[in-house]
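Scope of the values below: all heavy atoms of this structure, side chains included, with no hydrogens, waters or symmetry mates.
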Amino acid sequence: METGKVLDLDRLTEEVKTLAVSMGHFLKKERLSFDRNRVEQKGAHDYVSYVDRTSERMIVERLHDLCPEAGFITEEGTGSLEDQEYCWVVDPLDGTSNYIHDHVPYCVSIALRNRKEILLGVVFECGRDELFWAHKGAEAYLNDRVIHVSDQAVLDQSFIELGLPYKAVQYKPFALEVIASLYGRVGGLRLAGAAAAELCYIAAGRFEARIEGFIGPWDIAAGSIILKQAGGRMTDFSGNPDCFDAREVFASNGKIHEELLKVLQSHKKLLEN
């Protein structure tokens, strides 16, 4: 891939879709004989399995064939990132804790970005065999159907997803205040445990928003462009749209964003202590 070359995003997206589905089927097959004794702990309640690492190596090898000069940002550290114009952002198994406990959702998440923005994103949610995808300049899709965020603009009727990160000591004071502020005020609060899939759920109109701190770029890269192309909005808790490397991500259908943002900002000082 030559520097400055215009990418064929249609072709690349089709290749990545095929890869994501293939890896999703690999994850499901491995789950049938999954060995919990081979799970490692990266931090408090933060786990990685041999399946994560194996699938990541397989994905990186295939993506390297597609774009030999692109770098990598991956959750488990496979590949490299130097000063490449393009970079793959990969989570081979988003929702590892769900996967370990034979619970859904869990998914494969693959995105391509340049130095400025995400160019394409593909998420395969294994439990429902749902393939979400989008690329710059095109609409967002679930399988072969165009998707859009919901039109819900009333907080009392909005379905909100929460993420509770592994950094419990730092995040707990903020999370408890946010939950206290929203519980009984919104249509419902849910914890699913797979950020990439949940961003796609907002894109498909199933939820209106998702809130989580201390989150990695591999968790949100693919889902962010799918959400954007479906009409959604993503910022940090201060309202900054440049949140790829942020430790906090707030995604919504855009209709309730400002109202919810006020709630987050009113408690944000608790994250700074």
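At distances below 3.5 Å, at least one donor-acceptor pair connects side-chain atoms of S252 with backbone N or O atoms of G254. With hydrogens and angles disregarded, no donor-acceptor distance shorter than 3.5 Å links the side chain of Q84 to the backbone of Y86. Looking at T54, its side chain never comes within 3.5 Å of a backbone N or O of V51 through a donor-acceptor pair.
Ion pairing between a basic and an acidic side chain is recognised when a charged N comes within 4.0 Å of a carboxylate O; D129 and K28 show such pairing. Salt bridge present: R206 and E130 bring a charged side-chain N and a carboxylate O closer than 4.0 Å. Remark: K17 engages E14 in a salt bridge, criterion side-chain N to carboxylate O under 4.0 Å. E15 and R62 are joined by a salt bridge, as a carboxylate oxygen and a charged side-chain nitrogen come within less than 4.0 angstrom of each other. Between R185 and E259, at least one side-chain nitrogen of the basic residue sits less than 4.0 Å from a carboxylate oxygen of the acidic one, meeting the salt-bridge criterion.
Put simply, CD1 on I110 and CD1 on I59 are 4.5 Å apart, with the number rounded to the nearest 0.5 Å.
Taking the six-membered ring wherever Trp is involved, the centroid distance between the rings of F34 and Y50 falls below 6.0 Å. Taking the six-membered ring where the residue is Trp, the centroids of F250 and F237 are separated by 6.0 Å or more.
A donor-acceptor contact under 3.5 angstrom links the side chains of S150 and E208, judged on distance only. When only modelled atom types and interatomic distance are considered, D94 and S109 share no side-chain donor-acceptor pair under 3.5 Å.
Using a 4.5 Å heavy-atom threshold, the side chains of F132 and Y201 count as touching. Side-chain contact between E248 and C243 is absent, with no heavy atoms from C-beta onward closer than 4.5 Å.
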Apply side chain to side chain donor-acceptor pair (under 3.5 Å) to the pair D52 and T96, showing each step before the final yes or no.
CA-CA 8 Å; D52 297 69; T96 297; 2.7 Å; yes
Decide salt bridge (charged side-chain N to carboxylate O under 4.0 Å, His left out) for K136 and E117; before the verdict, give the C-alpha distance in whole Å, the side-chain angles of both, and the deciding distance to 0.1 Å.
CA-CA 9 Å; K136 184 180 178 181; E117 60 186 338; 2.5 Å; yes
Pair E85-K116, salt bridge (charged side-chain N to carboxylate O under 4.0 Å, His left out): steps then yes or no
CA-CA 10 Å; E85 183 176 0; K116 297 180 179 179; over 6 Å; no
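Taking the centre and axis of the six-membered ring of Y99, the NZ or CZ atom of R31 falls inside the cone set by 45° and 6.0 Å.
For E212, the side chain to side chain contact (heavy atoms under 4.5 Å, CB included) partners two or more places apart in sequence, or in a different chain, are P165, A195, R210, I215. Take Q265 and apply the side chain to side chain contact (heavy atoms under 4.5 Å, CB included) test, not counting sequence neighbours, and it matches L261.
The 12-atom threshold is not exceeded at NZ of K29, counting heavy atoms of other residues, nucleotides or ligands nearer than 6.0 Å.
Ring planes of H64 and F72: tilted class, angle from 30 to 60°.
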